[in-house]
Amino acid sequence: MLDKEAAFPTITVTSNAASLQDHAVQDHVVQDPALAATTQTRKADHIRICLQDNIECREVTTGLERYRFVHNCLPDLNRDEIDLTTQFLGKTLGSPVLISSMTGGTEQAKQINYRLAEVAQQYNLAMGVGSQRVAVEKPELMPTFDVRAIAPEIALFANIGAVQLNYSYGVDECRQLIDGLQANALILHLNPLQECIQPEGDVNFKGLLNKVEELCRQLSIPVIAKEVGNGISGAMAQRLIDAGITAIDVAGAGGTSWAKVESERAENPIQHQLGITFADWGIPTADCLRQVRDIAPTVPLIASGGIRDGLEVAKAIALGADLVGLARPFLQAACDSEAALHERVELLLAELKTVLFCTNAATPNDLRKGERLKQI
Ligand SMILES: Cc1cc2nc3c(=O)[nH]c(=O)nc-3n(C[C@H](O)[C@H](O)[C@H](O)COP(=O)(O)O)c2cc1C
């Protein structure tokens, strides 16, 4: 442990925000060094802001607090035999926990990804990397995302913004990202609000669903549609599934607010206020889960957005999620220390097991059976 800490100390946070304006991007040219520099700067800013500032939603909540488990005073279980093993997209995972997509593209991001991947491998957690757009712009940055050598067995998800399909990215670029990680699935993130508030946002979402459909047709691995904290409704999930999307990550409102994060990066007062106005925009995570499960009872479903402990993981599973993702809590722990990250995972799993035990559920799937979760 000590040796590893020496080689992998507390991760320092940097920012090059001053250079942002110099690289404002209107048009997209793959492998443009200025574009790659802008993307790298944005990634460094996101980590810095997500660690330092209050960027959780102001008033909107996940909605999970509206539910409570019914306590079972006499579980017919041995707690030590509770099995958290989970099947997702053909992989067997150690537990229904996902380290949500966050970062890559800088030296600091590489350290974070490597640390996250170590813990993912140890506990057999699924893991997503952050948007790999920068690795298309600058292929030599792929190693900052590529954690396969560290985590050879985990379910690993590549990531790109769906909107990039309108900005000269196509099947070839997506294959490049997938191959670079030996990924098990590709996450396409949908982030219209974030793009509106980002100084260099890509806001042409016209006709994207057809491009998503074409991409799903051509790729040989599953494609997951994911929001970034504003949620996916049942109706939109249906359209995405009809287009060939294999799984949905609702990434609902109630946790990290990307409107707030981008308002911290604003280059003028209007952009700043825009982010504040929309700080609480979106569909709460619990509402997304219910809506999507109603229209798609069997679609592989990921809950994320504001999940902060194992009790909330359990509630999300009871509401229909197969897998539950956390982003910012893992970022904070990873940047703190390797020990802090291990502690976070241990606590999360202990909390989840405690819910299972005290609701007489032998497996996460059992949480969905009977009347274990009540709306209050
Ligand atoms: C520092 C940071 C960077 C992120 N970058 C990405 C990204 O590149 N792609 C993506 O799909 N989501 C990204 N997200 C969004 C998360 O995956 C997640 O959907 C969102 O933060 C809500 O989860 P949380 O409340 O647990 O943080 C990022 C989150 C954080 C904290």
Side-chain angles (χ1 to χ4, degrees), residues 11 13 15 39-40 42-57 60-64 97-106 108-109 112-113 116 126-136 144-145 157-164 177 185-195 198 202 223-232 247-262 264-265 279-286 288 302-309 312-313 316 321 323-335 344 348:
I11 296 163
V13 179
S15 170
T39 310
Q40 281 181 285
R42 182 169 60 242
K43 293 287 138 194
D45 284 346
H46 285 162
I47 292 170
R48 176 181 54 82
I49 294 166
C50 282
L51 286 175
Q52 291 178 353
D53 301 317
N54 172 18
I55 41 74
E56 299 266 313
C57 289
V60 77
T61 64
T62 60
L64 292 169
V97 174
L98 163 72
I99 298 174
S100 280
S101 315
M102 279 186 281
T103 201
T106 64
Q108 177 205 19
I112 293 169
N113 274 337
L116 291 170
M127 175 176 166
V129 298
S131 170
Q132 292 166 270
R133 174 179 161 188
V134 71
V136 174
T144 65
F145 296 90
F157 304 147
N159 188 294
I160 189 83
V163 72
Q164 297 312 316
L177 306 180
L186 171 67
I187 291 179
L188 279 184
H189 69 256
L190 307 164
N191 61 340
L193 178 64
Q194 182 186 12
E195 297 288 353
Q198 233 173 50
D202 293 324
V223 181
I224 303 170
K226 168 183 178 296
E227 240 285 349
V228 299
N230 304 113
I232 296 181
I248 303 281
D249 180 344
V250 298
T256 306
S257 165
W258 281 88
K260 269 186 158 184
V261 175
E262 294 299 348
E264 291 294 318
R265 299 179 59 238
D280 284 330
W281 181 268
I283 311 167
T285 298
C288 295
I302 305 174
S304 72
I307 308 287
R308 296 293 175 259
D309 60 36
E312 291 177 341
V313 171
L323 194 61
V324 184
L326 292 78
R328 210 167 83 91
F330 284 133
L331 177 75
Q332 289 170 318
C335 290
R344 199 76 171 83
L348 199 69

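Residue indices begin at 1 and follow the sequence shown. Start at 1 and go down the list; that is how both ligands and their atoms are numbered.
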Engineer: What protein heavy atom lies closest to atom 12 (N) of ligand 1? Include the residue and the distance to one decimal.
Structural biologist: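 Result: K226 NZ, 2.9 Å.
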Engineer: Who pairs with A225 by side chain to side chain contact (heavy atoms under 4.5 Å, CB included), at least two apart in sequence or on another chain?
Structural biologist: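 A225: side chain to side chain contact (heavy atoms under 4.5 Å, CB included) contacts with L190, L240, I245, I248.
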Engineer: What atoms of ligand 1 come within less than 4.0 Å of a heavy atom belonging to R308?
Structural biologist: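 By the 4.0 Å cutoff, the relevant atoms are 24 (P), 25 (O), 26 (O), 27 (O).
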Engineer: Between D45 and R42, does any NZ, NE, NH1 or NH2 come within less than 4.0 Å of an OD or OE carboxylate oxygen?
Structural biologist: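 Salt bridge absent between R42 and D45.
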Engineer: Considering distance alone, does some N or O of A327 sit under 3.5 Å from an N or O of ligand 1?
Structural biologist: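 Yes, at least one N or O pair falls under 3.5 Å.
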Engineer: Considering the heavy atoms of S131, write down every atom of ligand 1 situated less than 4.0 Å from one of them.
Structural biologist: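 Contacts of ligand 1 toward S131, numbered from 1: 7 (C), 8 (O), 9 (N).
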Engineer: May I ask whether T103 has any heavy atom positioned less than 4.0 angstrom from an atom of ligand 1?
Structural biologist: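 The answer is no, since T103 has no heavy atom less than 4.0 Å from ligand 1.
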Engineer: Which atoms of ligand 1 sit under 4.0 Å from any heavy atom of K43?
Structural biologist: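 In order of number, 8 (O).
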Engineer: Would you say M102 has any N or O atom under 3.5 Å from an N or O of ligand 1, going by distance alone?
Structural biologist: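 Yes, M102 has an N/O under 3.5 Å of an N/O on ligand 1.
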Engineer: What pairs with T103 under side chain to side chain contact (heavy atoms under 4.5 Å, CB included), at least two apart in sequence or on another chain?
Structural biologist: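 Residues passing side chain to side chain contact (heavy atoms under 4.5 Å, CB included) with T103: I47, A109, I112, N113.
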Engineer: For atom 27 (O) of ligand 1, what's the nearest protein heavy-atom neighbour? Residue, atom name and distance, please.
Structural biologist: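 Result for atom 27 (O) of ligand 1: T256 OG1, 2.5 Å.
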Engineer: Report the nearest protein non-hydrogen atom to atom 14 (N) of ligand 1: residue, atom name, distance rounded to 0.1 Å.
Structural biologist: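 Sorting protein heavy atoms by distance from atom 14 (N) of ligand 1 puts S101 O, 3.2 Å first.
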Engineer: At their closest point, which heavy atom of L51 faces which heavy atom of C335, and how far apart are they?
Structural biologist: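 For L51 and C335, the tightest heavy-atom pair comes out as CD1-SG, 3.7 Å.
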Engineer: Do S304 and D249 pair up side chain to side chain, a donor and an acceptor below 3.5 Å, judged on atom types alone?
Structural biologist: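 A donor-acceptor contact under 3.5 Å links the two side chains.
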Engineer: Is the contact between R328 and ligand 1 made by the side chain, the backbone, both, or neither, using heavy atoms and a 4.0 Å cut-off?
Structural biologist: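 Near ligand 1, R328 shows its backbone as well as its side chain.
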Engineer: What atoms of ligand 1 come closer than 4.0 angstrom to any heavy atom of G255?
Structural biologist: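 In order of number, 25 (O).
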Engineer: At the 4.0 Å heavy-atom cut-off, does E56 count as touching ligand 1?
Structural biologist: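 No, E56 has no heavy atom closer than 4.0 Å to ligand 1.
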Engineer: Contact between F330 and ligand 1, counting heavy atoms under 4.0 Å?
Structural biologist: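 Heavy atoms of F330 never come under 4.0 Å of ligand 1.
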Engineer: Say you draw a straight line from CG of L116 to OG of S100; how long is it, rounded to the nearest 0.5 Å?
Structural biologist: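 Going from CG on L116 over to OG on S100, the span is 10.5 Å.
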Engineer: Of all the atoms in ligand 1, which lie at a distance below 4.0 Å from a heavy atom belonging to S100?
Structural biologist: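 In order of number, 17 (O).
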Engineer: Looking at every non-hydrogen atom in both residues, tell me the closest pair between V324 and A316 and how far apart they are.
Structural biologist: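 So the minimum-distance heavy-atom pair works out to CG2-CB, 4.0 Å.
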Engineer: Quick one: look up the protein heavy atom nearest atom 2 (C) of ligand 1 and list residue, atom name and how far away it is.
Structural biologist: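 Residue, atom and distance for the closest contact: W258 CZ2, 3.6 Å.
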Engineer: Looking only at non-hydrogen atoms, find the nearest pair between A251 and K226 and report the distance.
Structural biologist: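 Looking at all heavy atoms of both residues, the shortest contact is CB-CG, 4.3 Å.
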Engineer: Under 3.5 Å, N or O to N or O, is I187 touching ligand 1 that way?
Structural biologist: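 It does not: no N or O of I187 is found under 3.5 Å from an N or O of ligand 1.
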Engineer: Closest approach of L98 and I302, non-hydrogen atoms and distance?
Structural biologist: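 For L98 versus I302, the nearest heavy atoms are CD2-CG2, 3.8 Å.
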Engineer: Just which atoms of ligand 1 are under 4.0 Å from any heavy atom in C50?
Structural biologist: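 Listed by number with element, the hits are 1 (C), 31 (C).
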Engineer: Under 4.0 angstrom from ligand 1, any heavy atom of V228?
Structural biologist: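 Right, V228 reaches ligand 1.
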Engineer: Looking only at the side chains, is there a donor atom on one of E227 and N191 sitting less than 3.5 Å from an acceptor on the other?
Structural biologist: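 Distance-only check fails for E227 and N191.
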Engineer: Between K260 and E56 (salt bridge meaning N to carboxylate O under 4.0 Å), is one present in this structure?
Structural biologist: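 A salt bridge is absent here (no side-chain N lies under 4.0 Å from a carboxylate O).
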